[in-house]
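Remarks on the structure that follows.
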Amino acid sequence: MNERELRLKSIEYRKTILTIIHHANAGHTGGSLSCVDILNVLYNHVMNISPQNFDDPNRDRYVQSKGHAVEALYTVLADKGFYSPAELKTLNRYQSHFIGHPTRKVPGVEQNTGALGHGLSVAVGMALAGKLDGRRYRVYTLLGDGELTEGSSWEASMTAAHYKLDNLIVIIDRNGLQITGPTEQVVALESLKDKFEAFGYAVRSCNGNDVGDLLRTLEQVPFEPGKPNLILANTVKGKGVSFIENQIGWHHKVPTAEELARALAELEQAQAELEKVMA
Amino acid sequence: MELGRPNLEEFAATLLELAHRDRNVLVLTSDSRGSGKLVPFASALPDQIIEVGIAEQNLVGIAAGLASAGKKVFAVSPACFLTARAFEQIKNDVAYSDRPVKLIGISAGVSYGALGSTHHSLHDFAALRAVNNLDILAPADNFETREAIRAAYHHPRPIYIRFGKQPMPHVHTPDTRFEVGRAITLRSGTDVTFIATGETVPRAVQACDVLAERGISAGTISMHTIKPLDEEALLIAAQTSRALITVEEHSVYGGLGEACAAALMQRGVFKPLRIVGIPDEYTVTGSQAEIFAHYGITPEGLAITAQKLLAVESVR
């Protein structure tokens, strides 16, 4: 999929995310919209993961440590054909497997997550297994910036560097906001670049809402042989909808019918403009 | 009973055997290879031991990731840290995610004795029993330890095994069969049956001898699997003896005793019962043997508990 097709895809995904959250009357709107471009590029251009190869030991792996942004993941997996998009309507419903955090009961989900600070250690284990078995797969994991105060992420980072896991790609969805407020006001994280470099990563920054920038950054992996890769993906929480962007209240606010209509109208306008440019 | 070696050493030797035969067997340690008697393993099979440093959460998370790729992972750490510090990783990354990791809690219970409560695991049965999709074992002697580790190798589900570090007497005969979830009846008694687990089992067996000398018929069951509990063996003991005493190196809350009490009562079986374990108090300072003696987990202490229970029962 080329860059323009990916941009259109991101808009489609945003529409689906907002629609299913509205339908379920629950979900993590802001975080799903901030990370969906990253998932889009990974699943549609970078990773070799599909319903056909999901049992193949050589497939790439994706672990979503920020499990709460599950609506983005479920949307992308439906589009990849892991299940029918109609199943997204069961989100959070009685006896549905489509619950509020990723579970392996949903086809295509690699690891159950939801409690923060867990994904990176599991991804390290997967990457280590790849090295031990001489397999060439890569392991991608997406972390929220807010979850970086969990100490376990730093335990895992030390191990990743120690075992020279250059087959591990850690992506930070750096949207700068967490449920209480800006990350730098809650407990300051910066300088993340310095911290991750000190922990042994090869670090790159990019615009995590720009599919072109994401593509070019991910194409450079491994950034340095023998070092785990880390991408600081600078994003906007709630990206793509003017009245949701950068609003703390939208961490897990659900759009009303009226808000959904306004959001979809904005996204459709963006879609039309993009199609015009492409034509 | 002839004295064997520490279950810890039996574990390490069994693991080395398994790992020699299967390259997919991996041992993960959190700076715990020395305390886990795994230095010979590290010398023999350096590519099959992975060190993560003093980081138990990371230990369990990495183990889950390795297991997802088909590795047979034994995550080894002192039981106190493994099951408390990494509890959420056990619950989510292993049990909930259904990764068949083998969690090995070494120097369990009060094995660390005078090192104090930070190093005791008197909570692990209680905490882990409430986690879905995790089997819990506490082998008594070298035989049970060897068989539990071999069973863990083949086990399709997450499993937790805990044991201590003192030399243990052999409580089993060579023809004994071991199966996860199936208790082993060591001796039958018509007056009282001890339902014991882990390193308390030999003391219960010796208590049977003490009671026999006093004209009381006592039996012992080794309930090596705490979950799933062998309710059938429990019911047979309740049918064949007048009273039951559970014995465990664990808090009296939430462990083997309460599991047995709940199982019996919910089946409408009402028997005189005592739960012997570590009471809910600031644990006394001492070696494992001294702590056991302080709380009556000795042949004489258990015999007295049995006699008192039977006396109460005969008055009724």
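Naming: A, B, ... by sequence-line order, numbering from 1 per chain. Please read these numbers as outputs of a predicted model, since none were measured by experiment.
Counting non-hydrogen atoms of other residues, nucleotides and ligands closer than 6.0 Å to CZ of B/Arg182 gives a total of 12 or fewer. Counting heavy-atom neighbours within 6.0 Å of B/Lys72 NZ, excluding the residue itself, gives a total above 12. For NZ of A/Lys131, the number of neighbouring non-hydrogen atoms (other residues, nucleotides, ligands) closer than 6.0 Å is greater than 12. More than 12 heavy-atom neighbours from other residues, nucleotides or ligands sit within 6.0 angstrom of CZ on B/Arg146. When the shell of 6.0 Å around CZ of A/Phe223 is examined, it contains more than 12 heavy atoms from other residues, nucleotides or ligands. More than 12 heavy atoms of other residues, nucleotides or ligands shown are found within 6.0 angstrom of CG on B/Leu115. By the 6.0 Å contact criterion, CZ on B/Arg23 is open, its count of non-hydrogen atoms from other residues, nucleotides or ligands being 12 or less.
Taking 4.5 Å as the limit, every side-chain heavy atom of A/Ser152 sits out of range of all side-chain heavy atoms of B/Glu88. Two residues are said to be in side-chain contact when any heavy atoms from C-beta on lie closer than 4.5 Å; B/Glu51 and A/His162 fail this criterion. Counting heavy atoms from C-beta on, the side chains of A/Leu132 and B/Leu66 come closer than 4.5 Å.
Atoms CG and NZ, from A/Asp133 and B/Lys71 in turn, are 3.0 Å apart once rounded to the nearest 0.5 Å.
Only the side chain of A/Arg61 comes within contact range of chain B, with at least one heavy atom under 4.5 Å from a heavy atom of that chain. Heavy-atom distances place the backbone of B/Asp47, and not its side chain, under 4.5 Å from chain A. Only the side chain of B/Leu26 comes within contact range of chain A, judged by heavy atoms closer than 4.5 Å.
Minimum interatomic distance between A/Val122 and B/Ala64 (heavy atoms only, all atoms of both residues): CG2-CB, 4.4 Å. When all heavy atoms of A/Asn112 and B/Tyr96 are compared, the pair lying nearest together is ND2-O, 3.0 Å. Counting all heavy atoms, side chain and backbone alike, B/Asn58 lies closest to A/Ser121 at OD1-OG, 2.6 Å. Closest heavy-atom contact between B/Ala55 and A/Glu155: CB-OE1, 3.2 Å. The shortest non-hydrogen separation linking A/His118 to B/Asp93 is ND1-OD1, 2.8 Å. Minimum interatomic distance between B/Asn92 and A/Ala115 (heavy atoms only, all atoms of both residues): ND2-CB, 3.3 Å.
If you tally non-hydrogen atom pairs under 4.5 Å between each of A/Val139, A/Leu128, A/Val63 and chain B, the highest count goes to A/Leu128.
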